[in-house]
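The structure under discussion appears below in the form of structure tokens.
Note on naming: letters A, B, ... go to the chains in the order of the sequence lines (proteins, then strands), and numbering restarts at 1 for each one.
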Amino acid sequence: MTTPHTYITTTIPYVNARPHLGFALEIVQADVLARFHRRQGDQVRFQTGTDDNSLKNVLAAEAAGVAVQEFVDGNAEAFIALREPLALAVDDVIRTSRDPRHRAGVERLWRACADDLYRRHYEGLYCVGCEQFYTPAELTGGRCPEHGTEPQWVAEENWFFRLSRYADRLHELISSGRLRIEPVERRNEVLGFIAGGLQDFSVSRSTARARGWGIPVPGDPGQVIYVWWDALGNYITALDYGTGGENHRRWWTGSDRRIHLVGKGVLRFHAVYWPAMLLSAGQPLPTDIVVHDYLTANGRKISKSSGVTVDPAVLAGEYGTDVVRWWLLREVPRVGDTDFIVDRLIARGNDELANGLGNLVNRVVAMIHRYRDGHVPAAGSGTGTETKAGTGAATGIGTGTEAEPGTEVKTGAGIGTGAPGSEGLQAACRQAPGLIHAALTDFEFRRATAAVWAIVDEANRYINHIRPWELAKAERDGDFDATARLDAVLVVLIRACRALGDHLTPFLPDTAIRIAQQCAARDGKLPGPRPLFRRITAPEPGSTPPP
RNA sequence: GGGGCGGUAGCUCAGCUGGUUAGAGCAGGGGACUCAUAAUCCCUGGGUCGCGGGUUCGAGUCCCGCCCGCCCUACCA
């Protein structure tokens, strides 16, 4: 058996405006999964992109008085630029308007589905902002409820896709779990929708209505491929599906996991339309569709059009990348919308990262400096120091993340007796890998971070309980036994810190590196303690995050 | 109109297949300690579990109705 291959994607957002925090949630979750799978040894491809071909983009560009391509390029840049402030380990970015792989792929996908495509007359009231038809009853005062604009009467012949013929197969695939939809609430929703009957859906627009923007229907230049068809295709077009490239075989056809992260608003497209398209085209389906709910800002719906938005890049610049990531991973429940309030972000940053984690590492490193001149004592003995700088191996983490007893962390047999009272801490360290693994298998980011956090809590508690400063005092007073005990305590603590750095890698990559640096001896000596996080005092712009 | 999901302590949330006194974190109050970023640790939570019925020996946890919020969806006149 070869190395497991895992393909992870985010949705590709419209680029009619700059990115907001809602997308940051999705892409950070995806990033955590990607990093986690890499640590497990999987081959991972983590992909995102931008949906440039939406008519919304055209309209937004017109409103801004900018050429469409130029406008789209500008916003797409802002999305792609999220990598830095959010610390995203993205492997590939596809832009549907510019990437030559995309058009070729979409065209091939269209042809592959030819048996299910047919022309049909259609007419109705259409809102370009929503890119959908409305019935008169749905309108408020004759205007689009969403945009407040007057929909236009559209009558044309479009291409339709025979979604209806896939209802039974889709239902079976989803209810059997072969196409896994998480959380289960969302899966049930999809099953209910399918059970209610599926209608064929329109997959093209007249070129005129699309203002010439988008990918023409192969062989029918009067029509442009519907943006959803186009956009969903990105998951394979970026893999060179259009040219039958190696990536397609490696990451789609032959991948062990094909994981899509999506927002609840586009569940249907991903869990029904997209799989049906793939079935039609004779392609494998995604294995997992992970659905997140929405973020609001100060109780108001985040919406580009209403101007209520939170710029994740600005937030990261203001409060720090990992503070933003931490809030997203730690506070957002898997079901239910979450209100973003900057005070809560600050509270998480201060209470947990600065006071909890940062202070823990700082006090441990400081103690080793104060009591041992920066030399980490050797494990299980009262004399000598570590011969090598500690790494993941010392924490027992590097070998895997299974929860099985066979992979329990080897914290050193002598520590248990030399460091009484550390059972809770050691248990937290031992259990963390399994708990994290289990949580992320279920895409439960809060549960995963909680498992990491148990170590922080236990470590701080242990210090207060064992009172190393008193051991140090006894040692100074000539108590030789105290020396051995203090050694053991410090070893347990520095190991816990290293374990933290290790476990935190998928969640807070920057912090993880800084912890590792703090806890790694150079020339037998730890570097001087340096705060991991600065406490955030002013909840207003102006402050700068720590380096 | 239909479907789905939420509505649990001031705030943010856990509560598996129904079962002894409904939990955690934060905030608030009290105390301890000093290694550490005025950090940490301990003690302190008496909340109609949205409302009203019902099933049951027993329901936050199942059933029905209703209210509020959000998502999706719908040609009824």
Nearest-neighbour nucleotide for the [X] side chain, [options] considered:
{"X": "A:Y294", "options": "B:A36, B:C35, B:C71", "answer": "B:C71"}
{"X": "A:R344", "options": "B:U40, B:C11, B:C41", "answer": "B:C11"}
{"X": "A:E331", "options": "B:C71, B:C5, B:U12", "answer": "B:U12"}
{"X": "A:R268", "options": "B:C35, B:A36, B:C72", "answer": "B:C72"}
{"X": "A:V335", "options": "B:A39, B:C35, B:C5", "answer": "B:C5"}
{"X": "A:D337", "options": "B:C41, B:C70, B:A39", "answer": "B:C70"}
{"X": "A:R461", "options": "B:G3, B:G6, B:C42", "answer": "B:C42"}

For the [atom1] atoms, the ones on [N] and on [M], what distance do you get once it is rounded to whole angstrom?
{"N": "B:G29", "M": "B:G46", "atom1": "P", "value": "15 Å"}
{"N": "B:G50", "M": "B:G15", "atom1": "P", "value": "15 Å"}
{"N": "B:U12", "M": "B:G7", "atom1": "P", "value": "12 Å"}
{"N": "B:A22", "M": "B:A9", "atom1": "P", "value": "14 Å"}
{"N": "B:C51", "M": "B:U8", "atom1": "P", "value": "10 Å"}
{"N": "B:U61", "M": "B:U56", "atom1": "C1'", "value": "13 Å"}
{"N": "B:C62", "M": "B:U20", "atom1": "P", "value": "15 Å"}
{"N": "B:U48", "M": "B:G31", "atom1": "P", "value": "30 Å"}

Are a donor atom and an acceptor atom from the side chains of A:N158 and A:Y226 found within less than 3.5 Å of each other?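 The answer is no; no qualifying pair exists.
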
Tell me yes or no: between the side chains of A:D510 and A:T321, is some donor less than 3.5 Å from an acceptor?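 The answer is no; no qualifying pair exists.
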
Taking the six-membered ring for Trp and the full ring for Phe, Tyr or His, determine whether the centres of A:Y235 and A:W274 are under 6.0 Å apart.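 Ring centres of A:W274 and A:Y235 closer than 6.0 Å.
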
Using the ring centroid of each side chain, check whether A:W228 and A:F201 are separated by less than 6.0 Å.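 They do not qualify: ring centres at least 6.0 Å apart.
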
Measure the distance from [atom1] on [X] to [atom2] on [N] and round it to the nearest whole Å.
{"X": "A:F445", "N": "B:C13", "atom1": "CZ", "atom2": "P", "result": "17 Å"}
{"X": "A:K264", "N": "B:G69", "atom1": "NZ", "atom2": "P", "result": "14 Å"}
{"X": "A:L490", "N": "B:A36", "atom1": "CG", "atom2": "P", "result": "13 Å"}
{"X": "A:I463", "N": "B:A39", "atom1": "CD1", "atom2": "P", "result": "16 Å"}
{"X": "A:E352", "N": "B:C13", "atom1": "CD", "atom2": "P", "result": "14 Å"}
{"X": "A:F533", "N": "B:A38", "atom1": "CZ", "atom2": "C1'", "result": "20 Å"}
{"X": "A:I341", "N": "B:U12", "atom1": "CD1", "atom2": "P", "result": "7 Å"}
{"X": "A:F193", "N": "B:C5", "atom1": "CZ", "atom2": "P", "result": "16 Å"}

Students often get this wrong, so: under 4.0 angstrom with heavy atoms, is [X] touching a base, only sugar-phosphate, or nothing?
{"X": "A:G192", "value": "nothing"}
{"X": "A:A347", "value": "nothing"}
{"X": "A:P333", "value": "sugar-phosphate"}
{"X": "A:R446", "value": "sugar-phosphate"}
{"X": "A:R370", "value": "sugar-phosphate"}
{"X": "A:N460", "value": "sugar-phosphate"}

Should the pair A:R514 and A:F533 be classed as cation-pi, given the thresholds of under 6.0 Å to the six-membered ring centre and 45° from the axis?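 Geometry flag: set, cation within 6.0 Å and 45°.
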
Base-pairing assignment for [N] (Watson-Crick or G-U wobble, both under 3.5 Å):
{"N": "B:C33", "value": "none"}
{"N": "B:C5", "value": "B:G69"}
{"N": "B:A22", "value": "none"}

Among A:I494, A:V364, A:D373, which residue satisfies the side-chain contact (heavy atoms from CB on, under 4.5 Å) criterion with A:L526?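 Checked A:I494, A:V364, A:D373 against A:L526; only one passes side-chain contact (heavy atoms from CB on, under 4.5 Å): A:I494.
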
CG-NE2 distance between A:D442 and A:H437, expressed to the nearest 0.5 angstrom: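 Between atom CG of A:D442 and atom NE2 of A:H437 there are 9.5 Å.
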
Report, as yes or no, whether the 6.0 Å neighbourhood of atom CG on A:D477 holds more than 12 heavy atoms from other residues, nucleotides or ligands.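 Yes, the 6.0 Å shell around CG holds more than 12 heavy atoms from other groups.
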
Side-chain N,O (A:K301) to OP1/OP2 (B:C71) below 4.0 Å: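 Yes.
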
Is any side-chain nitrogen or oxygen of A:R535 closer than 4.0 Å to OP1 or OP2 of B:A39?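 True: A:R535 side-chain N/O within range (under 4.0 Å) of B:A39 OP1/OP2.
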
So, does the side chain of A:N355 form a donor-acceptor pair with the base of B:A39 at under 3.5 Å?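 Looking at the base of B:A39, it does not pair with any donor or acceptor on the side chain of A:N355 (distance under 3.5 Å).
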
May I ask you to verify whether the side chain of A:N464 and the base of B:U40 hold a donor-acceptor pair under 3.5 Å?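 For A:N464, whose side chain was compared with the base of B:U40, there is a donor-acceptor pair (under 3.5 Å).
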
On RNA chain B, does the nearest nucleotide to A:H465 precede the nearest nucleotide to A:D351 from the 5' side, or the other way round? Give the residue.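 Nearer the 5' end of the strand: A:D351.
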
When you match A:F269 and A:N362 each to their closest nucleotide on RNA chain B, which lands nearer the 5' end?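 Its nearest nucleotide being more 5', the pick is A:N362.
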
